[in-house]
Amino acid sequence: MSDTASPSVQPDLAGAEPAPPARFDTLPLDPKLLRAVADSGYLTMTPIQAKAIPIVLQGRDVMGAAQTGTGKTAAFSIPLLQRMLKHENPSVSPARHPVRALVLAPTRELADQVAENVKKYAKHTNLRSVVVFGGVDMKPQTAALKAGVEVLIATPGRLLDHIEAKNCVLNQVEYVVLDEADRMLDIGFLPDLQRILSFLPKARQTLLFSATFSPEIKRLAQSYLQDPILVETARPNQTASTVEQRFISATDDDKRAIIKQILKERSIRQAIVFGNSKLGVARLARAFERDGLRTAALHGDKSQDERLKSLEAFKRGEMDVLVATDVAARGLDIADLPAVFNFDVPFNAEDYVHRIGRTGRAGASGLAVTLVTKSDARLIADIEKLIKREIVLDTFELENERPRFERRSREDAPDRQERQERYERPDRPLRATSPALRTPAPSADPFFNKPYEASSRDEPPAWEKAKAATPVKGLSSYIKPKKQVAALFGAKKPAAPAES
DNA sequence: AAAAAAC
């Protein structure tokens, strides 16, 4: 109820009481940390920080769920640094300091980003931190580890390498953080994670943070925590209300043109386009590049050097579009990203929440467009269940129906030149420097069917209503068909309620 | 139907 009043103004740091947000300087923090926080320009805490920091300071285990972009990294790193400072033993030679805090993250880029934050908050202290991840030379990491660090940030594989090479000793770790904890605990990561945890003392403080926690993961997580406190802000798995979410029914052939048209008509400066596969992402990136968009690609088949370069170029604004797999779905903090497109609907509903969390960060507004084909119905239903919001598919009018090739024999296939002309001319150019993109967006929204209702999040979930009303299995109970969409999805008339 | 994380 509390946030229906000003949905467009108040970022969805929901759970926030109307009370003024607490300031960092009201916390019992070392002046060195307070100074670093102030240097970063932060004055007041976000809800997850206000709730989690005091509990972490008490030494309790925490499972923290909060929307993306609400400062989870600071929520664990600041109080952990405080605890490490408080128990610092200055008589020990720095070189002999063992690793005291370990932070694990599921992707290299995320580990790097967390490490940057930790460095920022620790800069006035003598606590040293280092980040280790794969795909880059081990030697500098080894040297840093041997010199001694108090805070180690890592991805699992490379950390195990260092453990086996005896480059680091983890038997005195006092604090462990699993960032994007639900991913770290999923089946692909679990064996490595268990192995790593087996090297750590049992008596320690453990913190798990993520935007999404499935019930199964919550249960599994219990076994790694001692008497944990669950810290939640708003509903878990929620998406920020500052993000306008659109779902557009599309065919595979039209997806790219739809994205380009939205970019142009909404004058969108920059966007991430998510695809489900590495190959698909690489192809799509090449296609956007041919279209004249400055495009970077980010996926696991690229070298780490290329990955870092792509991301940096995008962050510097030198790229219009970043096409990425789910390697970029979680945690990455790209300031003021205006839009996210799901070229493919993600396989896991949780990943939807994480993907669109790249936009609308820190209370900014954002647009998230998901392109939905006929075969995506099941996935859309999953998303609807997870985010507990009704999903309505919009139709989209392409301004220039793109010329299509008829199937031809190989001999009379168009040569490259002709192909270029027929394929590309209609909607070129689209680069950010083109006048088309500078034009202000039209006041009426010509290509979406209905205005976004931020307050719909407060209504009872549509899927529950639908489930109660119609025992229809599959899509029609989850996706409310509009007329064209109904045809596309072959939706039937809802059956009369059969049960009594 | 995939991706990520080590060499």
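So you know, we letter chains A, B, ... as the sequences are listed, proteins then strands, and number each from 1. Heavy atoms only: backbone and side chains are in, while hydrogens, waters and symmetry mates are out.
Taking side-chain N and O atoms only, A:Thr107 has no distance below 4.0 Å to OP1 or OP2 of B:dA3. Between A:Arg108 and B:dA4, a side-chain N or O to OP1/OP2 separation shorter than 4.0 Å is absent. Note on A:Thr325: a side-chain N or O is less than 4.0 Å away from OP1 or OP2 of B:dA4.
Judged as a salt bridge (charged side-chain N to carboxylate O under 4.0 Å, His left out), and not counting sequence neighbours, A:Asp161 has no contacts. Every residue meeting the salt bridge (charged side-chain N to carboxylate O under 4.0 Å, His left out) condition with A:Lys309, not counting sequence neighbours, appears here in chain and number order: A:Asp305. Not counting sequence neighbours, the partners of A:Asp227 by the side-chain hydrogen bond (donor to acceptor under 3.5 Å, both in side chains) test are A:Arg60.
Atom CZ of A:Arg183 is separated from atom P of B:dA5 by 11 Å (rounded to the nearest Å). Atom CG in A:Leu298 sits about 12 Å away from atom C1' in B:dA4, given to the nearest Å. If you measure from atom CG of A:Asn342 to atom C1' of B:dA2, you get 14 Å, rounded to the nearest angstrom. Across the protein-nucleic acid pair, A:Leu185 atom CG and B:dA4 atom P stand 20 Å apart, rounded to whole Å. Spacing between atom CG of A:Asp344 and atom C1' of B:dA1 amounts to 10 Å, rounded to whole angstrom units. Taking atom CZ of A:Arg195 as the reference point, atom P of B:dA6 lies 14 Å away to the nearest angstrom. Across the protein-nucleic acid pair, A:Glu180 atom CD and B:dA3 atom C1' stand 14 Å apart, rounded to whole Å. The CD1 atom of A:Ile187 sits 14 Å away from the C1' atom of B:dA4 (whole-angstrom rounding).
The structure places CG of A:Asp351 at 9.0 Å from CZ of A:Phe274, a figure rounded to the nearest 0.5 Å.
Among residues at least two apart or in separate chains, there is no ring pair (Phe, Tyr, Trp, His ring centres under 6.0 Å) pair with a member in residues 165-201 of chain A. For residues 185-195 of chain A, the set of pairs meeting the salt bridge (charged side-chain N to carboxylate O under 4.0 Å, His left out) definition, not counting sequence neighbours, comprises A:Glu164-A:Arg195, A:Arg183-A:Asp186.
In the interface, the side chain of A:Asn348 is paired with the base of B:dA2 through a donor and an acceptor atom under 3.5 Å apart.
As judged by a 4.0 angstrom heavy-atom cut-off over every strand, A:Arg307 is placed among residues touching the sugar-phosphate backbone only. Among the heavy atoms of the strands lying under 4.0 Å from A:Gly188 is at least one base atom, whether or not backbone atoms are also near.
Within residues 272-282 of chain A, the residues that have a heavy atom under 4.0 Å from DNA chain B are, in order of number, A:Asn276, A:Ser277, A:Lys278.
Closest approach to the A:Asp186 side chain among B:dA6, B:dA3, B:dA5 is made by B:dA3 (side chain taken as heavy atoms from C-beta onward).
Aromatic ring centroids of A:Phe343 and A:Phe288 lie 6.0 Å or more apart.
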